[in-house]
Amino acid sequence: MPNSKEVRVRFAPSPTGDLHVGNIRTALFDWAYARHTGGKFVFRIEDTDTERVTDEYISRAVETLKWLGLDWDEGPEVGGPYGPYLQSQRMDIYAEWAQRFLDQGDAYYCYCSSEELEARREAQRAANVAPGYDGKCRSLSEAELSAFISEGRKPVVRMRMPDGETTFTDLIRGEVTFDHNFVPDFVLVRGDGSPLYTLAVAVDDVLMKISHVLRGEDLLSSTPRQIRVYQAMGLSDADFPHFAHLPFVMGQDNAKLSKRNGEVSIAWYRDRGFLPEAICNYLALLGWSPGEDRENVSMKELTELFTVERVHSSPARFDMKKLEPINGDKIRELDLDDLLSRVTPFLIKDGVIAGTDDQLALVRLTLPLIQERIATLAEVTAMVKFLFVTDFAIEESEQPKIADAQSQSVLQAALDTLNSVSQWDHATIEAALRETLIAGLALKPRIAFGPIRVAVTGSHISPPLFESMELLGRERSLERIAAAVQK
Ligand code: GLU
């Protein structure tokens with residue numbers, strides 16, 4: 001472990017698009033491991049690919065981590081002792097190291113053009129040998145060198161891979177060995193002087209004193225190259241970071257995570273009313289388990305229980321159907337003020353309320369009635385809209401539910417009964433309606449109360465009926481039932 005005993009983990013995305021659930025799962029595990037060990041969580045933006053990374057994606061990545069509650073100790077906005085934490089601001093550092101590797105003889109200039117490389121790869125394929133750089137420029141003669149230079153060729157910087165193999169112990173996968181026959185000399189710096197991922201990531205992990213690299217399994221094969229860079233930087237084996245390659249996250253139907261199913265973007269879940277703590281809880285279960293078949297873990301418990309030993313090596317599958325019930329559970333755990341503050345933006349965005357104190361007070365009164373019934377925050381709109389609309393209308397699709405003769409006679413009877421109740425609270429309303437419709441007319445509750453629900457709330461999905469009528473008030477409730485009778 002490098003220099004000190006302190007645990008330092010990093011999340012190092014390349015924001016060439018929105019972070020997907022696989023990236024976030026990695027971030028979550030990094031964060032949880034740092035918090036579990038009392039170490040530091042470093043957030044580094046790998047934005048050397050200036051063609052594909054945009055400022056917009058970077059700021060969305062930052063916002064996403066914030067929204068999820070994955071706070072970082074060092075990185076964008078907070079800084080830290082080993083910054084800057086955007087690789088685009090560290091280009092000089094990578095250039096200096098590349099130069100050092102050249103000076104030391106660990107790296108060399110390679111003048112092969114892409115056409116030449118392609119032709120030789122073709123020949124390798126035909127001869128059935130492992131494809132990869134063949135070492136042509138490892139030892140150029142003076143004459144060859146000056147010929148290339150006078151042709152105006154721009155060289156790349158290539159790392160020399162010695163014969164042999166690289167072995168390291170992955171904390172999840174155990175001992176992993178790469179035969180260097182399959183790890184050819186690799187490019188560190190492009191012809192235009194820009195560094196490649198392998199150089200930047202390894203240099204930064206060393207300079208930022210990263211002790212543990214927890215990241216997706218897709219990066220396993222880049223590890224021997226990174227280790228080669230550590231060696232060229234003068235690190236001894238004992239100073240290399242520990243590696244833990246997290247299991248792959250698959251999308252539905254065992255396919256790749258797909259944009260179409262919304263699996264790739266956390267913003268998609270946020271817009272649909274998923275809570276950050278539900279997303280984190282669910283993602284935590286993708287490849288890790290708290291034990292005893294538990295499915296509900298708080299962020300606090302996650303940090304208490306998270307160990308790399310409990311991470312499995314087999315792929316995990318992202319399943320939206322499992323996320324929903326967890327979200328419902330998390331919604332039920334919220335206190336009313338918290339729930340109110342979370343549903344308010346949805347109600348404002350959907351045009352249900354403007355956000356006045358009176359409106360918020362009324363919404364708050366409905367929350368105990370609906371907290372049990374919703375799986376996402378976005379569902380609240382449909383549940384409370386009836387209380388706020390000024391031009392109340394019964395949904396088209398619900399009209400048939402009150403049009404038949406039986407429904408009409410139920411509504412008429414309800415109207416007569418409610419006109420004569422003296423007190424407007426849910427218990428009185430319920431007692432009066434039960435007396436008339438259930439006891440008196442011998443109707444089944446569904447037959448009796450279904451049409452009233454549609455008449456009063458406009459839909460067959462609503463908070464409990466009698467409480468809804470109490471909140472709506474006597475005047476508006478009676479008005480709506482009367483209007484439905486005339487239909
Ligand atoms: N920047 C790399 C990526 O987003 C990951 C770097 C790493 O974790 O080693 O794919």
Side-chain angles (χ1 to χ4, degrees), residues 7 9-14 19-37 68 70 165-179 182-183 201 212-227 241-266 269 274 278-299 301-327 329:
V7 169
V9 290
R10 86 306 193 271
F11 173 55
S14 307
L19 298 180
H20 56 67
V21 295
N23 301 132
I24 296 297
R25 197 279 315 263
T26 298
L28 179 69
F29 284 18
D30 281 317
W31 174 86
Y33 189 62
R35 295 293 170 258
H36 178 78
T37 54
L68 290 169
L70 305 181
E165 56 186 32
T166 298
T167 296
F168 63 95
T169 304
D170 186 281
L171 298 179
I172 296 168
R173 266 143 243 282
E175 200 172 275
V176 183
T177 298
F178 286 91
D179 181 338
F182 302 99
V183 189
V201 74
H212 289 74
V213 173
L214 273 64
R215 61 179 179 185
E217 187 185 351
D218 51 319
L219 294 163
L220 181 66
S221 64
S222 69
T223 309
R225 288 190 285 272
Q226 280 157 241
I227 288 179
H242 297 292
F243 285 92
H245 286 92
L246 307 171
F248 191 65
V249 181
M250 290 177 305
Q252 272 151 40
D253 312 321
N254 296 346
K256 258 184 78 178
L257 289 168
S258 102
K259 228 174 213 148
R260 212 176 23 151
N261 295 328
E263 293 157 345
V264 290
S265 144
I266 291 298
Y269 293 97
F274 286 89
I279 295 175
C280 288
N281 184 153
Y282 179 61
L283 293 183
L285 304 177
L286 293 181
W288 173 80
S289 87
E292 300 156 12
D293 284 341
R294 285 184 55 188
E295 298 237 306
N296 189 331
V297 272
S298 67
M299 295 297 265
E301 289 169 317
L302 174 60
T303 62
E304 283 162 9
L305 299 172
F306 187 86
T307 58
V308 177
E309 290 76 55
R310 282 199 164 277
V311 177
H312 335 134
S313 57
S314 49
R317 192 161 60 87
F318 181 82
D319 185 354
M320 179 78 170
K321 284 187 226 68
K322 293 209 172 130
L323 175 57
E324 264 178 23
I326 291 178
N327 202 54
D329 288 346

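This is a predicted model, so every value here is computed, not measured.
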Nearest heavy-atom pair of [X] and [Y]: which atoms, and what distance?
X      : Y      : result
Ile326 : Ala278 : CG2-O, 3.9 Å
Ala316 : Gly287 : CB-N, 3.8 Å
Arg310 : Ser289 : CD-O, 3.1 Å
Met299 : Leu68  : CE-O, 3.7 Å
Asn23  : Leu19  : OD1-CA, 3.4 Å

I need the [X] [atom1] to [Y] [atom2] distance, nearest 0.5 Å.
X      : Y      : atom1 : atom2 : result
Asp30  : Leu70  : CG    : CG    : 9.5 Å
Asp179 : Thr167 : CG    : OG1   : 10.0 Å
Leu286 : Phe248 : CG    : CZ    : 12.0 Å
Phe306 : Tyr33  : CZ    : OH    : 8.5 Å
Leu171 : His245 : CG    : NE2   : 10.5 Å
Asp218 : Leu246 : CG    : CG    : 10.0 Å

Counterpart residues, salt bridge (charged side-chain N to carboxylate O under 4.0 Å, His left out), relative to Glu324 (two or more places apart):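 By the salt bridge (charged side-chain N to carboxylate O under 4.0 Å, His left out) rule, Glu324 matches no residue at all.
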Whether His242 and His212 hold their rings parallel, tilted or perpendicular, with breakpoints at 30° and 60°: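 Plane angle between 30° and 60°, so tilted.
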Within the distance-only criterion (no hydrogens, no angle test), does the side chain of [X] pair as donor or acceptor with the backbone N or O of [Y] below 3.5 angstrom?
X      : Y      : value
His36  : Thr303 : yes
Arg35  : Leu302 : no
His312 : Ser314 : no
Asn281 : Val297 : yes
Tyr282 : Phe318 : no

By side-chain hydrogen bond (donor to acceptor under 3.5 Å, both in side chains) - contacts of Ser222 (at least two apart):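 Ser222 satisfies side-chain hydrogen bond (donor to acceptor under 3.5 Å, both in side chains) with Gln226 once adjacent residues are dropped.
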If you define the side chain from C-beta out and look only at heavy atoms, does anything of [X] sit under 4.5 Å from [Y]?
X      : Y      : result
Phe274 : Met320 : yes
Asn327 : Tyr269 : no
Ile266 : Ile279 : yes
Leu305 : Pro290 : yes
Val9   : Thr37  : no
Leu219 : Phe243 : no

Evaluation steps, side-chain contact (heavy atoms from CB on, under 4.5 Å), between Arg215 and Thr223: CA-CA 11 Å; Arg215 61 179 179 185; Thr223 309; 3.0 Å; yes
Evaluation steps, side-chain contact (heavy atoms from CB on, under 4.5 Å), between Val201 and Arg10: CA-CA 11 Å; Val201 74; Arg10 86 306 193 271; 3.6 Å; yes
Ring centre gap for Trp31 and Phe11 strictly below 6.0 Å: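 No, too far apart.
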Step-by-step side-chain contact (heavy atoms from CB on, under 4.5 Å) determination, Val21 to Leu283: CA-CA 8 Å; Val21 295; Leu283 293 183; 4.0 Å; yes
Basic-acidic side-chain contact under 4.0 Å: Glu301, Arg294: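 Salt bridge between Glu301 and Arg294, a charged N being under 4.0 Å from a carboxylate O: yes.
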